[in-house]
Amino acid sequence: MSAFTVLLGRLLGRTGALLRALRPHHWVKNVVVLAAPLFALALDLGSLLRVGWAFVAFSMTASAFYLINDVRDIEEDRKHPVKQHRPIAAGLVPIPLALGTATLLLTAGIVGSYVVAPWLALTIGAYAFIQAGYNLGLKEQPIIDIMVIAGGFVLRALGGAAAAGVPASGWFILCIGLLAFFLGIEKRKAELREVGEDEETRSVLQEYSLSWLRRMESVVTASALMAYALWTLEGADTPWMLATLPFVAYAIFRYQYLSEKGHAETPVKTLIQDVGLLMSITFWASISLLILIAL
């Protein structure tokens with residue numbers, strides 16, 4: 001085997017490991033940028049192109065902080081039964097390469113967003129700011145760590161609205177925020193169940209207990225359903241949106257069911273792999289658009 005072949009194999013292997021470290025399967029979270037434009041029916045080509053860039057910019061920014069987070073958490077991740085296999089923790093991606101790639105992605109995301117829409121750049125910058133705070137210590141503060149996760153989803157939704165040039169109501173922000181907070185609680189609950197309450201792992205998990213997370217879950221679940229129901233009656237363009245409430249309720253309770261079975265540590269995989277969740281989301285989106293278009 002020639003030296004060139006060996007070098008090429010190593011280069012391809014490192015490139016593949018770096019791509020895995022970017023966690024492209026998590027980019028699906030950024031479809032939240034479509035929420036405001038869809039409900040405002042801002043579906044012209046120009047709006048869709050700008051929102052498409054918002055999706056790309058949030059994906060690049062998120063991947064940059066995945067790399068930074070994995071570098072900072074490298075020792076703790078090596079103690080985790082799943083995270084120890086991540087490329088950086090496993091030693092497949094050198095730390096300088098990870099940090100250099102993160103800098104490039106972060107710069108491209110913010111600068112490119114400013115060219116498309118200054119307000120989008122502001123939301124990307126705010127997202128980067130809270131992610132930096134998360135990496136610098138907020139992720140070790142119970143409750144605040146989940147609030148930061150939820151805030152990221154709210155900023156994605158606001159970024160989509162800014163890119164499309166449509167308003168985002170208080171009801172819209174409240175519903176997105178509560179749903180994201182719910183998903184954050186479910187993620188922590190699944191992580192805690194995976195490693196056990198008495199095992200040594202990430203420090204913030206040692207501050208939580210399953211009983212406490214279940215109490216938080218009950219409050220946030222009720223709040224999210226009530227906020228959505230009130231939005232359909234008071235904030236939506238037509239009260240017929242109340243007809244979509246059963247699909248939202250089913251999706252939330254289905255996710256809780258999957259969480260109790262230990263399948264919610266990675267929300268994206270849970271959403272993609274479960275037929276019940278996919279069906280409820282598809283019906284909700286289809287009926288919502290039909291109502292908005294027809295009425």
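Heavy-atom basis, side chains included; hydrogens, waters and symmetry copies ignored.
In the hydrophobic clustering of this structure, Phe129 groups with Leu155; members are Ile, Leu, Val, Met, Phe, Trp, Tyr whose side-chain heavy atoms approach within less than 4.5 Å, directly or through other members. Both Trp284 and Ile287 sit in one connected hydrophobic cluster of ILVMFWY residues. Membership requires side-chain heavy atoms under 4.5 Å apart, directly or through other members. With hydrophobic clusters built from ILVMFWY side chains whose heavy atoms lie under 4.5 angstrom apart, Tyr250 does not share a cluster with Val248. Ile149 and Leu136 sit in two unconnected hydrophobic clusters of ILVMFWY residues. Membership requires side-chain heavy atoms under 4.5 Å apart, directly or through other members. Under a hydrophobic-cluster definition in which Ile, Leu, Val, Met, Phe, Trp and Tyr are linked whenever side-chain heavy atoms come within less than 4.5 Å, directly or via other members, Leu49 and Leu38 are assigned to different clusters.
Screening Lys187, Arg193, Arg188 against Leu213 for a side chain to side chain contact (heavy atoms under 4.5 Å, CB included) leaves a single residue, Arg188.
Taking CZ from Arg215 and CD1 from Ile185, the interatomic distance works out to 12.0 Å, rounded to the nearest 0.5 Å. The line from CG of Leu138 to CD1 of Ile146 is 13.0 Å long, rounded to the nearest 0.5 Å. Summarising the geometry, atom CG belonging to Asp274 is positioned 10.0 Å from atom OH belonging to Tyr255; distances are rounded to the nearest 0.5 Å. The distance from atom NE2 of His85 to atom CG of Leu92, rounded to the nearest 0.5 Å, is 11.5 Å. Going from atom CG of Leu99 over to atom CZ of Arg72 covers 12.5 Å, rounded to the nearest 0.5 Å. Separating the CG atom in Leu230 from the CG atom in Leu174 is a distance of 9.0 Å, to the nearest 0.5 Å.
Ion pairing between a basic and an acidic side chain is recognised when a charged N comes within 4.0 Å of a carboxylate O; Asp73 and Lys83 show no such pairing. We find that Glu76 and Lys139 are not joined by a salt bridge, their nearest charged nitrogen and carboxylate oxygen being 4.0 Å or further apart. With respect to the salt-bridge test (charged N to carboxylate O, under 4.0 angstrom), the residues Arg23 and Asp70 qualify.
Applying the 6.0 Å contact sphere to CH2 of Trp212 captures more than 12 heavy atoms from other residues, nucleotides or ligands.
Inter-residue side-chain proximity for Val28 and His25 is flagged as unmet; no heavy-atom pair is nearer than 4.5 Å. The side-chain heavy atoms of Phe181 and Met216, taken from C-beta on, include a pair separated by under 4.5 Å. Residues Lys189 and Leu210 are in side-chain contact: their nearest non-hydrogen atoms beyond the backbone lie under 4.5 Å apart. With contacts defined as side-chain heavy-atom distances shorter than 4.5 Å, the pair Phe253/Leu225 qualifies. Counting only heavy atoms from C-beta outward, the side chains of Trp27 and Ser63 approach each other to under 4.5 Å. Trp231 has its side chain within reach of Met241: a pair of non-hydrogen atoms, C-beta onward, lies under 4.5 Å apart. Residues Leu22 and Leu67 have side chains in contact (heavy-atom distance under 4.5 Å, counting atoms from C-beta outward).
Chaining together hydrophobic side chains whose heavy atoms lie under 4.5 Å apart leaves Val219 on its own.
Judged by distance alone, with hydrogens and angles left aside, the side-chain atoms of Thr221 form no donor-acceptor pair with the main-chain N or O of Ser218 at under 3.5 Å. Although no hydrogens or angles enter the test, the distance criterion places a donor-acceptor pair under 3.5 Å between the side chain of Thr232 and the main chain of Ala229. In this structure a side-chain-to-backbone donor-acceptor pair under 3.5 Å is present from Thr123 to Leu120. Of the possible polar contacts, one joining the Asn135 side chain to the Asn69 backbone as a donor-acceptor pair under 3.5 Å is found. Ser113 places a side-chain N or O within donor-acceptor distance of the main-chain N or O of Gly109, the cut-off being under 3.5 Å.
Among all heavy-atom pairs drawn from Ala21 and Pro87, the shortest one is N-CG, 3.8 Å. Here the shortest heavy-atom pairing between Ile291 and Trp240 reads CD1-O, 3.4 Å. When every heavy atom of Ala157 is checked against every heavy atom of Ala36, the shortest pair comes out as O-CB, 4.3 Å. Nearest heavy atom pair, residue Ala162 against residue Ala117, reads O-CB, 4.1 Å. Heavy-atom minimum distance, Val51 versus Ala164: CG2-CB, 3.8 Å. Pairing each heavy atom of Phe58 with each of Gly159, the nearest pair is CE1-CA, 4.0 Å.
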- Stepwise side-chain contact (heavy atoms from CB on, under 4.5 Å) check, Tyr228 with Thr244: CA-CA 10 Å; Tyr228 185 82; Thr244 64; 2.5 Å; yes
- Query: Would Asp77 and Ile88 count as a side-chain contact (heavy atoms from CB on, under 4.5 Å) if you check the C-alpha gap in whole Å, the side-chain angles of each, and the deciding distance to 0.1 Å?
  - Reply: CA-CA 9 Å; Asp77 284 351; Ile88 295 175; over 6 Å; no
- Task: Show your working on side-chain contact (heavy atoms from CB on, under 4.5 Å) between Ile68 and Gln131 and close with a plain yes or no.
- Result: CA-CA 10 Å; Ile68 295 171; Gln131 291 302 313; over 6 Å; no
- Apply side-chain contact (heavy atoms from CB on, under 4.5 Å) to the pair Leu278 and Val275, showing each step before the final yes or no. CA-CA 5 Å; Leu278 285 175; Val275 176; 5.7 Å; no
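For the salt bridge (charged side-chain N to carboxylate O under 4.0 Å, His left out) condition, the pairs that include at least one residue of residues 204-214, sequence neighbours left out, are Arg214-Glu260.
Judged by the 6.0 Å and 45° rule, Arg156 forms a cation-pi pair with Phe153.
A donor and an acceptor atom, one from each side chain of Asp145 and Tyr208, are located under 3.5 Å apart.
Taking the six-membered ring where tryptophan is involved, the planes of Tyr66 and His26 are tilted, since the angle between them lies from 30° to 60°.
For Thr61, the side-chain contact (heavy atoms from CB on, under 4.5 Å) test picks out Phe65, Leu106, Ile124, Tyr127, Ala128, with sequence neighbours left out.
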